[in-house]
Amino acid sequence: MDLMEMLNPMQKKAVSHTEGPALVIAGAGSGKTNVLTRRVAYLISLKKPSFNILAITFTNKAAKEMRGRIDELIGNNDVWVSTFHSLCVRILRRHISEIGFDNSFTIYDADDSLRLIKQCLKDLDVNEKQFPPKSAAYAIGAWKDALIPPELASSEFAGDYRQKQFADTYELYQRKLRLNNALDFDDLIFKTIDLFRASPATLQKYRDRFRYILVDEYQDTNAAQYHVVNLLAGETANLFVVGDDDQSIYGWRGADIRNILDFQKDYENAEMIKLEQNYRSTQMILDAANAVIKNNKRRRPKLLWTHKPGGSPICYFRAENERDEAAFVARTILSGVKDEGKNFSDFAALYRNNAQSRAIEDAFMTRSVPYRIYGGVRFYERAEIKDVIAYLRVVNNPRDSVSLARIINAPRRGVGDATIDRLSLYAARNDVPLYEAFENLDDVEGLGARAAKLVKFKTLMDSFITLAKSGSVTEVMEAIIDQTGYKRELLAENTPESLSRAENIDEFFSKAADFENTSGDKSLSSFLEELSLIADIDGYERDANVVSLMTLHSSKGLEFPRVFLVGLEEGLFPSYRSVVSDDINSVEEERRLCYVGITRAREQLFISSAFSRRQHGQVAFNSPSRFLKEIPEGLIQKMDNANNFENSEPSDVDEKKTSRTGISQYAEINKVRNSIDISFGGKNYASAIPAPNQKPDFAVGDSVRLMKYGVGTVKNIAAAGADYEVTVEFDGLGEKKFMSGLSKIKKIAK
DNA sequence: CAGAGACTCGAGGAG
DNA sequence: CGAGTCTCTG
């Protein structure tokens, strides 16, 4: 086929780019995946060997889709299509011994790593109330994303007691990971860079191999991922990155928008190509998206346009509460299916956080709307599944103390916390993995009669380990499920919950059987690796005729004919945290998330907000989101309880309706619009915030300290309404902007 | 000292 | 609303 067929001039330019760096700014729905896959095909048509090509995506699903489309275009090929994490795992499995790990290493998920961090805090005798494990985990994650090792964190933040405590925890945490022969998610990237730095020969090997590198969703890369790409690209820098700064929504986990904004600085001769023609949505939807995103100050100017004129107006429903909102979603879908011949799979409901899915689920169940949820408590994160996985992990890597501690007493075998503590103490004192405590039970103090139980447990584990040497994954799993009595106990408990958990174990077993039938590498470590890297959205099936429910974050990269954006309320979306944050970028990130949501829709967009909502166990009264007000009124039609349009005129949102508090909601919205900084959600937070109007007591060039970022230099101070916008540059983090009235910016002596 | 039951506290987004 | 912690009992 002709690779340039049906492409617009900009797309052609991108596809035919061969040597040197290129940056493609690809707006939502602009045919980005098509450009990426055709460029791969184009390179191969020029006789570039396919094994020299590496394409990096963020999710397995995106990788799978790209893999499929490349295969479709050019048949048999050796293009390496992979996510950042699986790319790094594949490299580490082969070479990690060069930096002192064993290649049977375990990959810890967020839950595992939190357990280990708790252990560290305990060992360091740190008060969990004062230093919550989650805060420590967040700090450590941020350091890792920014590629800051423990030594550096420790020296850089020595002056800040709290940061120092977290830095010490970080240091111990890394030591324990090594002892456990385990890596967390961030380490997968970090250790790959360590490896490349420690072993130039290994790096060269991969540079020679990956002569052409393509990176999708480049706006979501963090410092560590940037370095992986940068190291691999090397001098030749045949690096082709695609992204959209307006869709950068992962700042909270270290994604650095500067990677895409500064690409042309990093690679001086980079070619830049902009794709602004949208092939997905109607003009009405794009107008709404453009109108919202243009409120962001920090962005490259860009305007999506389409040949699909007009389209249905955006429908807005103001619900009484979250149940009313969910009912609106359900009945609108049902009438679309019944009256307009739509499929359930044409619909998606997108929300800001997973907790919001519950009300919608309830409404769908009572009205028999078929649906599927992505995210929330995932299958592989259920306690019973994690227990079975923990057994498998210990079999694969007995040094994995986190998993071992998890299963010592699961199912109950009379080994309590006190006994585990004694074993842990022995292990910590002798600097050995927990498993070795079992081999020297006589030396562990104060075990008494419990030693017999431990011996029995160890014998059992050893038998599994022996079996794993010759047996298959399913054989080992069957032995575990059977001989530990795990499933038997659940069945004996005979409650609806325990029976459902037993069923989950059966389902997990059949997943293992699937793996054995389909996977090339059928080893236990390969199975565990696949489990670790699986993401929810990977299970997304286009074919099933069900409504999709997912977070806005998960929806990126997908599209649906009809999309519901629910919960457009101040304090929910944008989130409370982003509004009170001292970093003005966080509200802009919420706005980008809104932009992502709007642009998922092909034909029609439905937006809703609720007057009241159960949040955190109590009823909250949120005012409508500022994002709602940013959509021009002429694009919106308001719907009533019977799904009729209210008035024939395009709606004026809430102007005429008076809320229960007696305050006109229009007034509430305006209050939000006019003084977003001090009032939202009908509550007044002014008391918590220092009075504005005060000129900062520092000047350009001064050193200042901020809680979250540490010490930086003031680059600019600009008046912004009643407040001042302060630009501060941080070493290694670059420039960030703050509102001086909101942020606790402290001047420090030079 | 293990296990069950009462109790409190905290709650974003993800590979 | 659920996990983690506290308290009581055997």
Side-chain angles (χ1 to χ4, degrees), chain A residues 56-63 82-89 107-115 118 128-129 132-135 137-138 141 144-145 183-189 217 220-222 224-225 248-255 350-359 374-378 380-383 408-422 446-450 453 497 529-538 550-556 567 571-579 581 586 589-590 592-593 596-597 614-618 620:
Chain A
I56 306 176
T57 63
F58 266 79
T59 63
N60 290 313
K61 182 200 159 278
S82 159
T83 65
F84 268 106
H85 290 89
S86 59
L87 167 74
C88 288
V89 169
I107 302 167
Y108 281 171
D109 68 15
D111 177 63
D112 302 318
S113 93
L114 199 62
R115 282 164 189 263
K118 280 182 188 165
E128 277 205 11
K129 284 268 180 310
K134 279 195 173 162
S135 308
Y138 181 83
K144 287 188 176 182
D145 288 340
L183 305 184
D184 65 19
F185 274 123
D186 298 322
D187 277 347
L188 295 178
I189 316 287
E217 309 279 14
D220 288 333
T221 51
N222 61 33
Q225 290 159 337
S248 162
I249 54 173
Y250 285 103
W252 51 275
R253 56 168 233 228
L350 311 179
Y351 36 78
R352 179 64 182 82
N353 65 52
N354 283 306
Q356 288 171 260
S357 69
R358 197 177 211 103
Y374 304 90
V377 179
R378 300 169 215 184
Y380 296 104
E381 283 174 9
R382 285 163 208 254
I408 285 181
N409 201 33
R412 302 255 115 95
R413 45 175 76 88
V415 182
D417 294 342
T419 306
I420 296 173
D421 280 350
R422 286 188 195 282
L447 286 180
R450 278 164 296 281
K453 292 171 180 164
E497 295 86 55
E529 182 177 311
E530 195 176 294
L531 292 180
S532 304
L533 297 176
I534 237 158
D536 275 323
I537 201 68
D538 300 340
M550 65 183 81
T551 62
L552 285 151
H553 281 91
S554 296
S555 75
K556 193 163 65 149
L572 185 63
F573 188 31
S575 75
Y576 171 80
R577 286 163 187 250
S578 72
V579 177
S581 160
S586 55
E589 181 155 307
E590 298 280 309
R592 291 193 289 270
L593 191 56
V596 167
R614 269 200 102 76
Q615 251 174 304
H616 307 314
Q618 47 191 343

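Computed from a predicted structure; not experimentally measured. A note on names: the letters A, B, ... follow the listed sequences, proteins ahead of strands, and every chain is numbered from 1.
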Q. What nucleic acid atoms does Tyr250(A) come within less than 4.0 Å of, heavy atoms only: base, sugar-phosphate, or nothing?
A. sugar-phosphate
(Q) I want to check one thing: is the phosphate of dG15(B), taken as OP1 and OP2, less than 4.0 Å away from some side-chain N or O of Asn60(A)? (A) no
(Q) What's Arg422(A) touching, base or sugar-phosphate or nothing? Going by heavy atoms closer than 4.0 Å. (A) sugar-phosphate
Q: Give the nucleotide from the list dG15(B), dC1(B), dG13(B) with an atom nearest to the side chain of Ala418(A).
A: dC1(B)
Q: Give a yes/no on whether any side-chain N or O of Thr419(A) is located under 4.0 angstrom from OP1 or OP2 of dA2(B).
A: yes
Q: Report the nucleotide, chosen from dA14(B), dA4(B), dG15(B), that has the shortest atom-to-atom distance to any side-chain atom of Arg412(A).
A: dA4(B)
Q: By nearest nucleotide on DNA chain B, pick out whichever of Lys134(A) and Gly414(A) is the more 5' one.
A: Gly414(A)
Q. Taking the side chain of His85(A) as its heavy atoms from C-beta onward, which of dG2(C), dG13(B), dG15(B) lies nearest to it?
A. dG15(B)
(Q) Using heavy-atom distances to pick each residue's nearest nucleotide on DNA chain B, tell me which of Gly416(A) and Phe58(A) is more 5'. (A) Gly416(A)
Q. CD of Glu217(A) versus C1' of dG15(B): gap in Å, rounded?
A. 14 Å
Q | Phosphate-side-chain proximity, Ser578(A) and dG12(B), N/O vs OP1/OP2 below 4.0 Å | A | no
Q) To the nearest angstrom, how far is Lys144(A) atom NZ from dA14(B) atom P? A) 20 Å
**Q.** Whether Glu590(A) side chain and Ser578(A) backbone form a donor-acceptor pair below 3.5 Å
**A.** no
Q. Could you state the CG-C1' distance from Asp417(A) to dG4(C), rounded to the nearest angstrom?
A. 11 Å
Q) Within the structure, does a side-chain N or O atom of Asn222(A) lie under 4.0 Å from either OP1 or OP2 of dG15(B)? A) no
Q. Taking atom types as they are modelled, is there a donor-acceptor pair under 3.5 Å from the base of dG13(B) to the side chain of Asn354(A)?
A. no
Q. For Tyr374(A) and dA14(B), what is the distance between atoms OH and P respectively, to the nearest whole Å?
A. 14 Å
**Q.** Polar pair under 3.5 Å, donor/acceptor by atom type, side chain Glu590(A), base dG12(B)
**A.** yes
Q: Report the distance from atom CD of Gln615(A) to atom P of dG12(B), rounded to the nearest whole Å.
A: 11 Å
Q.
Would the distance check show the side chain of Arg352(A) and the main-chain N or O of Leu552(A) forming a donor-acceptor pair, the cut-off being under 3.5 Å?
A. no
Q: Please work out if Asp109(A) contacts a base, only the sugar-phosphate, or nothing of the nucleic acid, heavy-atom cut-off 4.0 Å.
A: nothing
Q) Using 4.0 Å as the upper bound for N to carboxylate O, is an ion pair formed by Arg253(A) and Asp145(A)? A) no
Q) Rounded to whole angstroms, how far apart are CG on Leu183(A) and C1' on dG15(B)? A) 14 Å
Q: Could you please name the option among dG12(B), dG15(B), dG2(C) that lies closest to any side-chain atom of Arg358(A)?
A: dG2(C)
Q) At under 4.0 Å between heavy atoms, what does Ser575(A) touch on the DNA or RNA strands: base, sugar-phosphate, or nothing? A) base
Q. In whole angstroms, how far is the C1' atom of dA14(B) from the CG atom of Asp112(A)?
A. 15 Å
Q. Between dA2(B) atom C1' and Lys453(A) atom NZ, what is the distance in whole Å?
A. 8 Å
Q.
I'd like to know if the side chain of Asn409(A) and the backbone of Gly416(A) have a donor-acceptor N/O pair within less than 3.5 Å.
A. no
Q: Mind checking the CG-CG spacing from Leu114(A) to Asp184(A)? Nearest 0.5 Å is all I need.
A: 11.5 Å
Q) Under 4.0 Å between a side-chain N/O of Asn409(A) and OP1 or OP2 of dG3(B), yes or no? A) yes
(Q) Using modelled atom types and a 3.5 Å cut-off, is there a donor and acceptor pairing between side-chain atoms of His85(A) and backbone atoms of Leu533(A)? (A) no
(Q) Can you tell me if Trp252(A) is stacked onto the base of dG13(B), using a 5.5 Å centroid cut-off and an angle below 30°? (A) yes
